[in-house]
2 protein chains.
Amino acid sequence: MTTHEHICVSIVPLFNHLNSPDQKRIKDRVISKKYDKGEVIFSPDSDDQLTIVSRGSLKIYRLSENGKERFLRIAKPGDYDGESSLFGVTNDNMFAEALEKTEVCFLRQSDFQDLLKEYPDLSLKLLTMNAQKSAQTEIQTQLLWMEKIEQRLAFYLSNLSYELDLEVFELPMQMKDIASYLGTSPETLSRELKRLERAQIITRTRRHIQILDMDRLEKIIEN
Amino acid sequence: MTTHEHICVSIVPLFNHLNSPDQKRIKDRVISKKYDKGEVIFSPDSDDQLTIVSRGSLKIYRLSENGKERFLRIAKPGDYDGESSLFGVTNDNMFAEALEKTEVCFLRQSDFQDLLKEYPDLSLKLLTMNAQKSAQTEIQTQLLWMEKIEQRLAFYLSNLSYELDLEVFELPMQMKDIASYLGTSPETLSRELKRLERAQIITRTRRHIQILDMDRLEKIIEN
DNA sequence: CGGATTATTGAGTAGCCTCAAGATACGTGG
DNA sequence: CCACGTATCTTGAGGCTACTCAATAATCCG
């Protein structure tokens with residue numbers, strides 16, 4: 001079954017700007033694998049390789065010193081990870097787990113290095129994508145700098161609304177994962193959401209959120 | 001005075017691997033400036049440009065929502081910043097300030113873009129340096145995930161010691177900056193240091209630190 | 001040497017975590 | 001498709017960490 005490898009290379013922003021013969025050369029070096037929900041795609045023990053999501057989604061997280069799961073982000077089709085190990089940075093303690101049936105492509109470190117030399121444009125593309133990725137990381141770091149959980153939640157909701165360009169939306173993950181992402185406990189998250197509801201800043205039914213008063217929500221961010 | 005521009009390009013890891021004629025071409029596009037202690041080198045209002053430190057040092061920081069200064073890192077000769085704006089990521093709220101008499105080189109965004117196309121090796125070098133830089137960011141993010149300040153401090157000291165390969169060293173910045181870097185207040189930092197001293201894990205005289213018991217220090221990190 | 005910044009120490013308080021128990025939702029198999 | 005078991009979410013109570021404010025001590029720097 002080489003068809004999956006084809007899909008992978010042609011789908012992914014990192015490669016899809018190349019012409020067909022060039023894509024073909026890359027396909028030859030790529031390995032495609034399928035995972036079921038809950039399976040671990042990579043861990044610190046895994047070999048260093050570039051991991052690209054072609055279908056489904058991954059949860060990327062770390063385990064903190066005391067063993068707690070620290071949610072980092074969700075990787076969707078086209079997203080990748082593991083490129084930093086190419087450049088001498090060890091993947092200290094990153095984990096990836098399938099959130100659903102997911103298809104992933106792997107590219108060996110050395111193969112990837114060869115490709116970068118062969119296709120200089122690839123470097124530029126990678127630089128661009130890295131910049132975007134670190135902008136994402138940036139947002140999470142900004143979250144952590146906020147000492148009050150109320151602020152973090154307001155920032156998170158405001159960001160979601162901005163990205164989706166909607167004032168009504170569904171939370172993209174479970175409360176416990178959002179809590180982990182915000183660096184807090186599910187209990188506190190639950191309470192803070194209640195507080196925003198009581199203050200008539202949002203309404204919520206399960207994961208369904210409506211922002212009633214964006215102005216006040218953004219005032220909370222500024223403390 | 002074009003001599004400074006020469007120094008800048010030949011000193012900096014990003015360019016110093018190029019041969020002389022190539023370096024010459026870059027020199028022509030580079031602008032060098034000197035700053036005194038306390039002067040602001042760039043702010044969110046500045047034009048997007050690559051900023052390279054050739055002499056002295058910069059303090060890179062953000063202002064948080066509530067107006068507090070959030071220390072990010074010190075940039076030493078050879079370090080650079082502002083490359084992400086090249087790739088569509090806006091430099092939302094980064095500031096740089098000279099910590100001493102400092103010399104800095106600027107390279108316009110468009111010029112840099114041209115250079116990257118002319119010298120593909122530059123992209124690879126930049127990818128490598130970016131990876132190192134994000135490893136640094138990584139360490140700070142790891143810090144912020146630790147909820148106890150005691151843990152953060154232990155991690156910070158342990159890291160310093162590891163990087164310097166010494167158990168006796170000088171803290172590289174003022175207490176207030178360390179506090180900001182660790183995401184805490186100077187008061188708490190002072191108290192936590194005292195605590196480590198009383199527990200005979202470290203000794204301290206001013207900025208001079210000696211680690212007495214690395215084992216216990218690292219146990220603190222794990223909570 | 002003297003003014004200004006930075007560091008320490010103390011006291012009081014607010015926010016958030018933990019633990020525990022109950023309620024709700026999810027998903028799996030009969 | 002419904003029922004049951006399990007995981008997730010909510011709500012409450014209590015305790016502790018680290019923040020703020022304030023005052024003194026120590027340092028830096030011209």
Specify the separation, in whole Å, of atom [atom1] of [X] and atom [atom2] of [N].
X: A/R195; N: D/dT11; atom1: CZ; atom2: P; result: 14 Å
X: B/K194; N: D/dA18; atom1: NZ; atom2: P; result: 18 Å
X: B/L182; N: D/dC19; atom1: CG; atom2: P; result: 10 Å
X: B/E147; N: C/dG15; atom1: CD; atom2: P; result: 19 Å
X: A/E197; N: D/dT11; atom1: CD; atom2: P; result: 9 Å

Sugar-phosphate only, base, or nothing, as touched by B/Q151 at under 4.0 Å among non-hydrogen atoms = nothing
What do you reckon, is [atom1] of [X] surrounded by more than 12 foreign heavy atoms closer than 6.0 Å?
X: B/D36; atom1: CG; value: yes
X: B/K176; atom1: NZ; value: yes
X: B/E163; atom1: CD; value: yes
X: B/R108; atom1: CZ; value: no

Where the side chain of [X] is concerned, which of [options] is the nearest nucleotide?
X: A/M175; options: C/dC16, C/dT6, D/dT10; answer: D/dT10
X: A/S185; options: C/dG10, D/dT10, C/dC17; answer: C/dC17
X: B/E192; options: D/dA18, C/dT6, D/dT10; answer: D/dA18

For each nucleotide in nucleotides 22-30 of chain D, reading 5' to 3', give B when a protein heavy atom comes within less than 4.0 Å of its base, S when such contact involves only the sugar-phosphate, and - otherwise.
-> B----SSS-
Between the two end axes of the helix from C/dC1-D/dG30 to C/dA21-D/dT10, each built from 5 base pairs, what angle do you get to the nearest 10°?
->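 Between the axes fitted at each end of the helix from C/dC1-D/dG30 to C/dA21-D/dT10 lies an angle of 50°.
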Do the side-chain N or O atoms of [X] get closer than 4.0 angstrom to the phosphate oxygens (OP1, OP2) of [N]?
X: A/T184; N: C/dC17; result: yes
X: B/R204; N: C/dT8; result: yes
X: B/K148; N: D/dT17; result: no
X: A/S190; N: D/dC9; result: no

For the residue pair A/Y61 and A/F95, is the inter-centroid distance of their aromatic rings smaller than 6.0 Å?
-> yes
Check whether the side chain of A/R191 and the base of C/dG15 form a donor-acceptor pair under 3.5 Å.
-> no
B/L166 backbone acceptor or donor facing B/S161 side chain under 3.5 Å |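 Checked: pair present.
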Verdict with reasoning, B/R70 to A/E147, per salt bridge (charged side-chain N to carboxylate O under 4.0 Å, His left out) = CA-CA 12 Å; B/R70 291 310 193 179; A/E147 48 255 3; 3.0 Å; yes
Find the distance between CE (A/M129) and CD (A/E83) and round it off to the nearest 0.5 Å.
->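 If we round to the nearest 0.5 Å, A/M129:CE and A/E83:CD are 9.0 Å apart.
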Honestly, is B/K27 close enough over B/F15, meaning NZ or CZ under 6.0 Å from the six-membered ring centre and within 45° of the axis?
->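 No, B/K27 and B/F15 do not form such a contact.
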